[in-house]
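Structure record follows, encoded as structure tokens.
In this chain, numbering begins with 1 at the start of the sequence shown. Counting convention: from 1, in listed order, for ligands and their atoms alike. Only this structure's heavy atoms are used, side chains among them; waters, hydrogens and symmetry mates stay out.
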Amino acid sequence: MKRVALFVFLFYNLHANESGSLLFHGNCVTCHYELQDKSAPSMLHVRERYLQAFPKKEDFVAYMSTWVLHPNEEGSIMQDAIKKYELMPQLAFEKEVLEEITSYIYETDFKKNNKNNSY
Ligand code: HEC
């Protein structure tokens, strides 16, 4: 039993970044394009703003995943985006899943990711 748990743990860690990417693309990109501001600010912009406020990964991940769990105006660090697009709707995600997605966002240079297309 112990060995199974260890295996699952290792597997999870090795694939954390890949599944973060899949989860991000499956759930956030419908509204947040990587580079273009459309129906929501691009993830490039969201990431830039959050990096300014939270340069350390643990702070960035903790704040963003808590906010996305319960979007609210008071805790927003993008008040201008709420004025422009309205408050982001609440999505049904587990906190752990959001931590995975937000650490992927922290680690990802969206500009570099998109040399060949404009999304
Ligand atoms: C239904 C559309 C929609 C989806 C899906 C969506 N968002 Fe948003 N999001 C928005 C809009 C609109 C804003 C801008 C207004 C605001 O800040 O509330 C926003 C803002 C944000 C912000 C800035 C928060 C702030 O400080 O104001 C973060 C961070 C964010 N989204 C993360 C995510 C993540 C991560 C996902 C995927 C799990 C996601 N969003 C999925 C529409 C969406």
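- Atoms of ligand 1 found under 4.0 Å from any heavy atom of Ala40, numbered from 1 in the order shown, are 10 (C), 11 (C), 12 (C), 42 (C).
- For ligand 1, the atoms closer than 4.0 angstrom to any heavy atom of Phe93 are 38 (C).
- Atom 18 (O) of ligand 1 has as its closest protein heavy atom Met88 N, 2.9 Å.
- Atom OG of Ser39 and atom NZ of Lys84 lie 11.0 Å apart (nearest 0.5 Å).
- Between Phe110 and Tyr33, the ring center distance fails the sub-6.0 Å criterion.
- Of all the atoms in ligand 1, the ones that sit under 4.0 Å from a non-hydrogen atom of Pro89 are 1 (C).
- What sits closest to atom 26 (O) of ligand 1 on the protein, heavy atoms only, is Tyr50 OH, 2.7 Å.
- Here the heavy atom of the protein found nearest to atom 22 (C) of ligand 1 is Trp67 CZ3, 3.8 Å.
- Partner Tyr106 forms a side chain to side chain contact (heavy atoms under 4.5 Å, CB included) with one of Met64, Glu58, Arg47, Lys57 and no other, that one being Lys57.
- Numbered from 1 in the order shown, with element, the atoms of ligand 1 that lie under 4.0 Å from a heavy atom of Tyr85 read 12 (C).
- The atoms of ligand 1 that sit less than 4.0 Å from any heavy atom of Glu86 are 12 (C), 15 (C).
- Under the 30°/60° scheme for interplanar angles, the aromatic rings of Phe24 and Tyr104 are found to be tilted.
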Next item on the list: Decide side chain to side chain contact (heavy atoms under 4.5 Å, CB included) for Ser65 and Glu99; before the verdict, give the C-alpha distance in whole Å, the side-chain angles of both, and the deciding distance to 0.1 Å.
Entry: CA-CA 6 Å; Ser65 55; Glu99 282 168 359; 3.6 Å; yes

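- Look at His32 and atom 8 (Fe) of ligand 1: an N/O/S atom of the residue is under 2.8 Å from the metal.
- At a 4.0 Å cut-off, not a single heavy atom of Ser65 sits close enough to ligand 1 to count as contact.
- When each atom of ligand 1 is checked for a heavy atom of Ser39 under 4.0 Å away, the hits are 12 (C).
- Side chains of His25 and Glu34: a donor on one and an acceptor on the other come within 3.5 Å.
- Heavy atoms of Ile77 found under 4.0 angstrom from ligand 1 belong to the backbone as well as the side chain.
- The contact set between ligand 1 and Leu87, taken as ligand atoms under 4.0 Å from a residue heavy atom, comprises 18 (O).
- With respect to atom 34 (C) of ligand 1, the closest heavy atom belonging to the protein is Cys28 SG, 3.5 Å.
- The closest non-hydrogen atom to atom 16 (C) of ligand 1, taken over Ile101, Ile82, Thr30, Val46, comes from Ile82.
- Proximity of Met64 to ligand 1, defined as any heavy-atom pair under 4.0 Å, is confined to the side chain (atoms from C-beta onward).
- Atom numbering of ligand 1 starts at 1 in the shown order; those under 4.0 Å from a heavy atom of Leu91 are 41 (C).
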